[in-house]
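Start at 1 and go down the list; that is how both ligands and their atoms are numbered.
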Amino acid sequence: MPVATLLPFTATPNRKSASPTSFRLTEKFILLLVFSAFITLCFGAIFFLPDSSKLLSGVFFHSSAVETNTRTGPDGGDSGSAGNDERVLAKIRKDHEKALLEAKDTLQKRPDEIKQDILNDKEKVAVDSAGQGGKQVNNLPFVEYHRPPGATGHEPLDPETRDRRTKVREMMKHAWDSYRRFAWGSNELRPVSKQGHSSNLFGSIKGATIVDALDTLYIMEMFEEFDVATEWVEKNLDFNVNAEVSVFEVNIRFVGGLLSAYYLSGKEVFRRKAVELGEKLLPAFKTPTGIPWALLNLKSGIGRNWPWASGGSSILAEYGTLHLEFMHLSKLSGNPEFAQKVMNIRKVLNRLDKPQGLYPNYLNPNSGQWGQHHVSVGGLGDSFYEYLLKAWLMSDKTDEEGKKMYYDALQAIETNLMRKSSNGLTYIAEWKGGLLEHKMGHLTCFAGGMIALGADGAPSDKTGHQMEQAAEIARTCHESYARTALKLGPEAFRFDGGVEAIATRQNEKYFILRPEVIETYMYMWRFTHDPKYREWGWEAVQALEQHCKVEGGYSGIRDVYASTPNHDDVQQSFYLAETLKYLYLLFSDDDHLPFDHWVFNTEAHPLPVIRKDKTDRPNEVE
Ligand code: DMJ
């Protein structure tokens, strides 16, 4: 058949042409156009066939799988195919064996270890794919997580201790379940009126109880509750608030709580949130001296001090209780600024003269001068001393400056503030411009535990003496409980006007579920194993159950000397963070959160010791 009959626009009879196959230029062009349109049509049609990707890979990209399949067929006549077949089969066998081994390995792990492995793998992938010199998408450096020892414990062998420990866990469950039921997302619970309670210490940040309780839930192995709390943190914990917060409270409860939750569980969300919040607190240090403001608006970054604090001063226990958390923030974020800020506070303090070697509670952040000369190891001063000692311990005993400041301060406290009552009770008084006020706060009772914790590092001739001091303070604080009607301690007790370890003023008779006395029992138990500390702790459990427990949680009490409790209707977040945690540890073995690996922040949030020889792996403590 002539080609001309197939082509509609070929030579026509009236055209002058030398032969049927010779075309004019325009005709040639049209022919080319039609031909290429036809080819394009055929080619394009392939893309509209079903499952086109598979077809394309089969047609255009001969994948190794396709080749393998065709070559291993029964008719394969290629002489090299037998060898290939064997190699492929061997590889498949090997892969299967490897997968089986991995599965077996995984089955032997605890669920939380499996979860952690998955998280670690994810993290590695995130870092690899980010390819930004080790930076993750959230700009945090990659940190290989290793869980420090003793994050969870085991049942004590002694049945009585085991039962007591179980009881404390049940108390935690009641406190947590009630909060969850009546006040979920609020900062705290009102257990009598069964509703949320908000304190202005946290501005409009929410969920103080959730963040404060995270590590207690973890160490008590209440993992279901821990997961629910984690999910709340992931979805709801928000620091983008236009509100003024207490830098100290937010640091010890939120930053401390998040850091502990990270170190215990390895969950990245806690590291991310802790660093995010830490960054929001940094503007508080914008003062002429670098001594931070007490209050900070998290949105504007504008700070100020409590209006009642001597001449616009910052408070010792507030600016002096950032050190542990900020050192860890630098380690976990790679940002040295956090550490620099708190080390500068030390510098300012070391330049100042100290009256009788004591640290006044008030310091003006503009002038760098002391305010009123009021010294206390209780409210306004307490955790500053605690953090000097713990900074040294947490630094793997390398922070010699912190160590010296602590033991020097303790010596000045012993000389100027520590006294014995006429009936032999040791107490720590308060100092006002050289005069002693013979009053000891419930808050001051933490000092028994602190002195015991530091006794081992004291100059050798002082170790025994400091252990005795610690035991004496524990005894005095126990007396302050024993001498009340409800067997729970008052906010402050006095040693004057013929009384010893008793509150005499109505506004000092309340008990708000504070932990300090139990904290000291826990340290004393760990260091002495004297059973009386567990007995005293158990007395406190019974009193809490009898007088503070209500249907909707646990409540503080307005007057511990009254025969029946008048509830204040607040379940403080530190009841879950500290009081119940210290009670649980009091009835646990010493290898649960062991002291040579963990240091507790002032809100009882455990932070790992930063090993001096593992600077590149900040959270590895073994
Ligand atoms: C806690 O928030 C901390 O222990 C802080 O250091 C002082 N007191 C309360 C609990 O009493």
_Does any part of the side chain of Glu500, heavy atoms only, come nearer than 4.5 Å to the side chain of Phe493, both counted from C-beta?_
no

_Using the rule given for side chain to side chain contact (heavy atoms under 4.5 Å, CB included), can you reason through Leu329 versus Leu259, listing the C-alpha separation, both sets of side-chain angles and the distance that settles it, and then say yes or no?_
CA-CA 8 Å; Leu329 285 177; Leu259 287 173; 4.1 Å; yes

Less than 3.5 Å apart, N/O on ligand 1 and N/O on the protein: could you list those pairs with the distances?
from, atom 1, to, atom 2, distance (Å)
ligand 1, 2 (O), Glu603, OE1, 2.6
ligand 1, 4 (O), Glu578, OE1, 3.3
ligand 1, 4 (O), Glu578, OE2, 3.0
ligand 1, 4 (O), Thr602, O, 2.8
ligand 1, 6 (O), Thr602, OG1, 2.8
ligand 1, 8 (N), Glu516, OE2, 3.4
ligand 1, 11 (O), Arg514, NH1, 2.7
ligand 1, 11 (O), Glu516, OE2, 2.6

*Under the side chain to side chain contact (heavy atoms under 4.5 Å, CB included) rule, what do Lys267 and Thr230 come out as? Steps first, then yes or no, please.*
CA-CA 9 Å; Lys267 287 183 192 289; Thr230 304; 3.6 Å; yes

*For the ring pair Trp525 and Trp538, is the centre-to-centre distance below 6.0 Å?*
no

*asked:* Please report whether the ring centroid of His605 lies less than 6.0 Å from that of Phe600.
replied: no

*Residue pairs passing the salt bridge (Lys or Arg N to Asp or Glu O under 4.0 Å) test where at least one lies in residues 469-488, sequence neighbours excluded*: Lys420-Glu472, Glu472-Arg475, Glu479-Arg483

